[in-house]
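In what follows, a single structure is set out as structure tokens and then discussed.
By convention here, the first residue in the shown sequence is residue 1.
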Amino acid sequence: AVMAEALRNEGLDTAALADKINALQVGRSLNADYVLTGTMMEMTSSYIVFSRLLNVSSGEVESAAQVIVAR
């Protein structure tokens, strides 16, 4: 509920969080230290999940990961 409200206040939807600038903007409005963002690709026999942990104060990517999950 808090995230949904922050997104509405910023004029964004959940898809906008895939963009680093938007994710940092929402993180700042929530007074968060970090924001976890990601995307998922659906493949024939698996899903590929990409994630990034963003430091809200510096804007730096602290960590990134890619995981392949079988369907």
Side-chain angles (χ1 to χ4, degrees):
V2 173
M3 177 65 85
E5 183 178 336
L7 287 169
R8 274 193 307 276
N9 290 342
E10 299 296 331
L12 302 170
D13 60 16
T14 55
L17 293 177
D19 178 75
K20 179 181 173 182
I21 300 300
N22 291 335
L24 291 171
Q25 181 179 343
V26 171
R28 286 186 196 100
S29 74
L30 292 170
N31 293 317
D33 294 324
Y34 296 91
V35 176
L36 181 66
T37 66
T39 57
M40 182 178 77
M41 289 178 39
E42 186 175 357
M43 306 301 282
T44 304
S45 61
S46 63
Y47 297 98
I48 303 175
V49 180
F50 302 93
S51 63
R52 295 182 301 173
L53 182 65
L54 305 174
N55 182 316
V56 174
S57 64
S58 71
E60 296 295 318
V61 176
E62 294 281 333
S63 181
Q66 173 183 322
V67 178
I68 300 172
V69 181
R71 291 182 91 175

All side chain to side chain contact (heavy atoms under 4.5 Å, CB included) counterparts of Phe50, not counting sequence neighbours: Thr39, Met41, Ile48, Gln66
Side chain to side chain contact (heavy atoms under 4.5 Å, CB included) partners of Ser63, counting only residues at least two apart: Leu53
What residue pairs, at least two apart or across chains, pass side chain to side chain donor-acceptor pair (under 3.5 Å) with a residue in residues 11-38? Glu10-Gln25
Consider only side-chain heavy atoms of I, L, V, M, F, W and Y, link residues closer than 4.5 Å, and tell whether Val2 and Leu12 are in one cluster. yes
With sequence neighbours left out, what residues match Glu60 under salt bridge (charged side-chain N to carboxylate O under 4.0 Å, His left out)? none
Give the other cluster members for Val49, using side-chain heavy-atom distances under 4.5 Å between Ile, Leu, Val, Met, Phe, Trp and Tyr residues; answer none if it is isolated. Met40, Tyr47
In chain order, what residues pass the side-chain hydrogen bond (donor to acceptor under 3.5 Å, both in side chains) check against Ser57, with sequence neighbours excluded? Asn55
Who pairs with Met3 by side chain to side chain contact (heavy atoms under 4.5 Å, CB included), at least two apart in sequence or on another chain? Leu7, Leu17, Val26, Leu30
Under the salt bridge (charged side-chain N to carboxylate O under 4.0 Å, His left out) rule, what pairs show up with a residue in residues 39-59, not counting sequence neighbours? Glu42-Arg71
Minimum heavy-atom distance Ser51-Leu36, with the two atoms named: CB-CD1, 4.2 Å
With Arg8, which residues qualify under salt bridge (charged side-chain N to carboxylate O under 4.0 Å, His left out), at least two apart? none
Under a side-chain separation threshold of 4.5 Å, the hydrophobic residues clustered together with Val69 are Val67
Partner residues of Glu5 under the side-chain hydrogen bond (donor to acceptor under 3.5 Å, both in side chains) criterion, sequence neighbours left out: none
